[in-house]
Enquirer: 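Below is one structure. I have some questions about it.
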Amino acid sequence: MSIWDRIGDFVIRISSSARAGVADLVEGLRTVFEGDAELRRRVAFSVAMIALSAKMAKADGVVTQDEIRAFREIFSVPPEEARNVARLYDIAKQDVAGFEIYAERMAKLCGSGHKNCAMLEDILDGLFHIAKADGLLHERECEFLKRVSEIFRIEEEHYQTILARHLDLGYADPYRVLGIARDRPFAEVRAHYRRLVANSHPDRMIARGLPEEFIRIATTRLAAINAAYASIEKAARVA
């Protein structure tokens with residue numbers, strides 16, 4: 001079964017809840033997938049992506065079907081599961097609880113508890129994908145993403161690296177994209193780049209809980225890292 005099938009089952013189970021808010025989502029994830037920690041982690045990742053994207057749309061002040069369409073396009077939701085994804089999206093969108101509560105609960109459910117948690121970074125990357133689906137990162141979206149990063153305990157310097165990955169490389173500092181100081185020797189930059197590529201490989205990301213259906217997060221991250229390194233390598237050859 002795909003992750004979307006699992007989410008469909010999950011939505012059916014929680015739809016009978018009287019409130020169906022963040023508390024119900026979290027408790028539902030714990031009980032429905034009790035005994036299968038790996039599956040719970042993958043479904044929790046997907047629920048976090050859907051719920052926080054709904055909250056981001058609400059925080060931006062424009063709640064339309066465009067956001068859910070962007071989610072479907074970016075993460076390839078099968079047509080037969082679109083209704084369940086939309087249902088989960090609506091639960092989060094309509095819940096009176098603020099996005100900070102959602103981010104806190106999802107961080108506890110998905111995260112390692114450490115700073116710069118890789119899985120929470122994956123969620124943040126996914127939110128950036130959705131935010132820039134219309135070709136722009138709007139001010140309120142940037143404020144939302146920054147606050148979520150703080151709740152996720154993503155350190156400022158690391159957040160700036162994540163942000164740089166999602167900017168047009170013409171505007172982003174390639175050293176910032178790689179997260180390394182400009183004054184480091186090229187050999188050190190190359191070694192750092194290779195570590196980033198290894199850590200961002202789709203197989204590595206799936207192993208830590210990224211559902212296969214969300215693999216575009218990995219491929220887009222790799223594209224940004226490769227483009228930044230190519231820019232630095234080109235400059236080094238000229239120098």
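Atoms considered below: every heavy atom in the structure, side chains included; atoms not considered: hydrogens, waters and symmetry mates. Quantities reported herein were computed from a predicted structural model and do not represent experimental measurements.
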Enquirer: Between Asp95 (side chain only) and Ile91 (backbone N and O only), is there a donor and an acceptor less than 3.5 Å apart?
Expert: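 Checking the backbone N and O of Ile91 against the side chain of Asp95, no donor-acceptor pair under 3.5 Å is found.
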Enquirer: Side chains of Met119 and Arg41: closer than 4.5 Å at any heavy-atom pair?
Expert: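 In short, these two side chains touch, coming nearer than 4.5 Å.
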Enquirer: If you take all heavy atoms of Tyr175 and Ile232, which pair is closest and at what distance?
Expert: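 Here Tyr175 and Ile232 meet closest at OH-CG2, 3.5 Å.
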Enquirer: Working to the nearest 0.5 Å, report the span between OG of Ser200 and CG of Leu222.
Expert: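 Answer for the OG-CG pair, Ser200 versus Leu222, is 5.5 Å.
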Enquirer: Evaluate the side-chain proximity of Leu196 to Tyr229: yes if any heavy-atom separation is below 4.5 Å, no if none is.
Expert: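 Tyr229 does not reach Leu196 side chain to side chain.
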Enquirer: Which heavy-atom pair separates Ser112 from Cys117 by the least distance, and what is that distance?
Expert: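 For Ser112 versus Cys117, the nearest heavy atoms are N-SG, 3.4 Å.
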Enquirer: Flag the pair Ile3 / Glu212 as yes when at least one side-chain heavy-atom distance between them is below 4.5 Å, and no otherwise.
Expert: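 Ile3 does not reach Glu212 side chain to side chain.
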Enquirer: Do any pairs count as a ring pair (Phe, Tyr, Trp, His ring centres under 6.0 Å) and have a residue in residues 95-134, sequence neighbours left out, and if so which ones?
Expert: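 As it turns out, the ring pair (Phe, Tyr, Trp, His ring centres under 6.0 Å) pairs with a partner in residues 95-134, which skip direct neighbours, are Phe99-Phe144, Phe128-His166, His129-His166.
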Enquirer: Give a yes or no on whether Phe214 and Leu29 share a hydrophobic cluster (residues Ile, Leu, Val, Met, Phe, Trp, Tyr; joining criterion: side-chain heavy atoms under 4.5 Å apart).
Expert: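 Looking at the clustering, Leu29 is in the same group as Phe214.
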Enquirer: Out of Ile217, Val148, Leu163, which one pairs with Leu124 under the side-chain contact (heavy atoms from CB on, under 4.5 Å) rule?
Expert: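 Testing Leu124 for a side-chain contact (heavy atoms from CB on, under 4.5 Å) against Ile217, Val148, Leu163 leaves exactly one candidate, Val148.
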Enquirer: Just checking Glu150: does its CD atom have more than 12 heavy atoms from other residues, nucleotides or ligands closer to it than 6.0 angstrom?
Expert: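 Atom CD in Glu150 is packed in, count exceeds 12.
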Enquirer: Are any non-hydrogen side-chain atoms of Val47 and Met106 less than 4.5 angstrom apart?
Expert: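 In short, these two side chains touch, coming nearer than 4.5 Å.
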Enquirer: Report the distance from atom CZ of Arg6 to atom CD of Glu213, rounding to the nearest 0.5 Å.
Expert: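 Output value for this atom pair is 11.0 Å.
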Enquirer: Is a donor on one side and an acceptor on the other found under 3.5 Å between the side chain of Asp5 and the backbone of Ser2?
Expert: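 Here the side-chain-to-backbone pair exists.
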Enquirer: So how far is it from Ile206 CD1 to Arg208 CZ, rounded to the nearest 0.5 Å?
Expert: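 So the CD1 of Ile206 and the CZ of Arg208 are separated by 10.5 Å.
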Enquirer: Tell me the closest heavy-atom pair linking Phe152 and Ala107, and the distance in Å.
Expert: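 Reported closest heavy-atom pair: CD1-CB, 3.8 Å.
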Enquirer: CG/Asp122 to CZ/Phe45 distance, rounded to the nearest 0.5 angstrom?
Expert: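 These two atoms lie 5.0 Å from each other.
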Enquirer: Which heavy atom of Ala224 sits nearest to which heavy atom of Val177, and what is that distance?
Expert: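 Looks like O-CG1, 3.7 Å.
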Enquirer: Can you check whether Ile14 reaches Leu88 side chain to side chain, under 4.5 Å on heavy atoms?
Expert: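 Of all side-chain heavy-atom pairs linking Leu88 with Ile14, at least one is under 4.5 Å.
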Enquirer: Run through Asn84, Leu25, Ile50 and flag the one making a side-chain contact (heavy atoms from CB on, under 4.5 Å) with Val11.
Expert: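 Exactly one pass, corresponding to Asn84.
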Enquirer: Checking the side chain of His201 only, and the main-chain atoms of Asp203 only, is there a donor and an acceptor separated by less than 3.5 Å?
Expert: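 Side chain of His201 to backbone of Asp203: a pair is present.
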Enquirer: Assess whether atom CD of Glu156 is packed by more than 12 heavy atoms of other residues, nucleotides or ligands within 6.0 Å.
Expert: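 More than 12 heavy atoms, drawn from other residues, nucleotides or ligands, come within 6.0 Å of this atom.
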Enquirer: For Leu145 and Tyr159: C-alpha separation, side-chain torsions, deciding distance, then whether side chain to side chain contact (heavy atoms under 4.5 Å, CB included) applies.
Expert: CA-CA 10 Å; Leu145 292 163; Tyr159 175 76; 3.9 Å; yes
Enquirer: Could you check if a side-chain atom of Ser149 sits within less than 4.5 angstrom of a side-chain atom of Ile162, using non-hydrogen atoms only?
Expert: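 Result no, sub-4.5 Å side-chain heavy-atom pair not found.
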Enquirer: Should Arg165 and Glu121 count as an ion pair when the cut-off is N to O under 4.0 Å?
Expert: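 The answer is yes: the pair qualifies as a salt bridge.
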Enquirer: State whether the side chain of Lys58 and the backbone N or O of Lys93 hold a donor-acceptor pair below 3.5 Å, judged by distance alone.
Expert: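 Judged by distance alone, yes, a pair lies under 3.5 Å.
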Enquirer: Can you confirm whether more than 12 heavy atoms, excluding those of Glu80, are under 6.0 Å from its CD atom?
Expert: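 More than 12 heavy atoms, drawn from other residues, nucleotides or ligands, come within 6.0 Å of this atom.
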Enquirer: Does atom CZ of Arg140 have more than 12 heavy-atom neighbours from other groups under 6.0 Å away?
Expert: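 Not buried by this count: 12 neighbours or fewer within 6.0 Å.
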Enquirer: Measuring from Arg221:CZ to Asn199:CG, what's the distance to the nearest 0.5 Å?
Expert: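 Going from the CZ atom of Arg221 to the CG atom of Asn199 covers 9.5 Å.
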Enquirer: Mind running side chain to side chain contact (heavy atoms under 4.5 Å, CB included) on Thr219 and Arg216 for me, showing each step along the way?
Expert: CA-CA 5 Å; Thr219 55; Arg216 186 167 176 180; 4.0 Å; yes
Enquirer: Provide the closest heavy-atom pair for Leu120 versus Cys110 in the form atom of the first, atom of the second, distance.
Expert: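 Taking every non-hydrogen atom into account, CD2-CB, 4.1 Å.
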Enquirer: Where the side chain of Arg13 meets the backbone of Val32, is there a donor-acceptor pair that is under 3.5 Å apart?
Expert: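 Not at all, since once roles are kept as given, no pair shorter than 3.5 Å links the two residues.
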Enquirer: Assess the residue pair Lys146 and Glu141 against the criterion (salt bridge (charged side-chain N to carboxylate O under 4.0 Å, His left out)); give the C-alpha distance rounded to whole Å, side-chain angles, the decisive distance to 0.1 Å, and a yes or no.
Expert: CA-CA 8 Å; Lys146 182 66 170 67; Glu141 290 171 333; over 6 Å; no
Enquirer: Report the C-alpha separation of His192 and Leu178 in whole Å, then their side-chain angles, then the decisive distance to 0.1 Å, and conclude whether the side chain to side chain contact (heavy atoms under 4.5 Å, CB included) test is met.
Expert: CA-CA 8 Å; His192 179 74; Leu178 297 186; 4.2 Å; yes
Enquirer: List the steps, then state whether side chain to side chain contact (heavy atoms under 4.5 Å, CB included) holds for Leu52 with Met56.
Expert: CA-CA 6 Å; Leu52 287 173; Met56 181 166 61; over 6 Å; no
Enquirer: Tell me the closest heavy-atom pair linking Tyr89 and Ser53, and the distance in Å.
Expert: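 For Tyr89 versus Ser53, the nearest heavy atoms are CE1-OG, 3.8 Å.
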Enquirer: For Arg147, does the CZ atom sit with more than 12 other heavy atoms under 6.0 Å from it, leaving out its own atoms?
Expert: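 Atom CZ in Arg147 is packed in, count exceeds 12.
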Enquirer: Does Lys132 reach the main-chain N or O of Leu127 with its side chain, forming a donor-acceptor pair under 3.5 Å?
Expert: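 Looks like no, no N/O pair under 3.5 Å.
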Enquirer: Using a 3.5 Å distance criterion without hydrogens, assess whether the side chain of Asn116 forms a donor-acceptor pair with backbone atoms of Glu155.
Expert: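 At least one qualifying donor-acceptor pair exists.
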Enquirer: Atom CG in Asp173, atom OG in Ser231: separation rounded to 0.5 Å?
Expert: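 Asp173 atom CG to Ser231 atom OG measures 9.0 Å (nearest 0.5 Å).
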Enquirer: With the side chain counted from C-beta on, respond yes when Ile123 and Met49 share a heavy-atom pair under 4.5 Å apart, and no when they do not.
Expert: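 Yes, side chains in contact.
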Enquirer: Is a side-chain donor or acceptor of Thr161 paired with a backbone partner of Arg176 at a separation under 3.5 angstrom?
Expert: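 Side chain of Thr161 to backbone of Arg176: a pair is present.
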Enquirer: Count I, L, V, M, F, W, Y as connected when their side-chain heavy atoms are under 4.5 Å apart, and connections chain through other members. Are Leu109 and Met205 then in the same cluster?
Expert: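 Leu109 and Met205: one cluster.
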Enquirer: So, Ser46 side chain and Arg42 main chain: donor-acceptor pair closer than 3.5 Å or not?
Expert: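 Looks like yes, one N/O pair under 3.5 Å.
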